[in-house]
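Structure first, commentary second.
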Amino acid sequence: MKGALVPTALTFTPHARLVVFVDYQNLHGAALQSFWPQGTHPAVGHVDPLNLGQFLAARRTANGYPSTLTGVRVYRGRPSSTRMPAAAAIGSA
């Protein structure tokens, strides 16, 4: 058909749904090592997973990939019952 407009992939960018999965123990360790001096107490350097997800969605959108954060899933290790019995008891309740 002569003169018809044919949409291309360049004219439409679908809006992506974004779910962020966080390995919290490794994220905390990496943040502590990257942004705090060596020897800093581990109670410092925590990361807010929701803020991280919102940041990633905003960054994707700014780079031309419109995204809506639809979920953040946080996973962590379980405390050792021999090394941290009180924490392990709380986690298993």
Handout entry: Transitive ILVMFWY side-chain link V19 to L50, under 4.5 Å
Key =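 Looking at the clustering, L50 is in a separate group from V19.
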Handout entry: Transitive ILVMFWY side-chain link F55 to F35, under 4.5 Å
Key =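 Looking at the clustering, F35 is in a separate group from F55.
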Problem - Residue pair S67 / H15, side-chain donor-acceptor N/O under 3.5 Å - result: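 There is no such pair (donor and acceptor under 3.5 Å, judged by atom type) between the side chains of S67 and H15.
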Handout entry: Any donor-acceptor pair under 3.5 Å from Q25 side chain to R76 backbone
Key =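 No: the side chain of Q25 does not pair with the backbone of R76.
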Handout entry: Atom pair CZ (R17) and OG1 (T68), whose distance is rounded to the nearest 0.5 Å
Key =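 One gets 9.5 Å once the value is rounded to the nearest 0.5 Å.
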Problem - Nearest-0.5 Å distance, NE2 of residue H28 to CG of residue D23 - result: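 The CG atom of D23 is 12.5 Å from NE2 of H28, to the nearest 0.5 Å.
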[X] vs [Y] side-chain heavy atoms within contact, under 4.5 Å:
| X | Y | value |
| --- | --- | --- |
| L27 | V74 | no |
| R60 | L18 | yes |
| L56 | V20 | yes |

Exercise for the section: List in chain and number order the residues that pass side chain to side chain contact (heavy atoms under 4.5 Å, CB included) with A58, two or more places apart in sequence or in another chain; answer none if no residue qualifies. Expected result: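 With sequence neighbours excluded, A58 shows a side chain to side chain contact (heavy atoms under 4.5 Å, CB included) to no residue whatsoever.
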Problem - Heavy-atom pair of closest approach, residues G45 and A31 - result: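 Looking at all heavy atoms of both residues, the shortest contact is O-CB, 3.8 Å.
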Practice task
Could you pull out the closest heavy-atom pair between T61 and P66, with the gap in Å?
Solution key: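 It is OG1-CA, 3.7 Å.
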Practice task
Not counting sequence neighbours, list each pair that qualifies as a side chain to side chain donor-acceptor pair (under 3.5 Å) and has a residue in residues 36-52.
Solution key: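 For residues 36-52, and leaving out neighbouring residues, the side chain to side chain donor-acceptor pair (under 3.5 Å) pairs sorted by first residue read Y24-H46, D48-N51.
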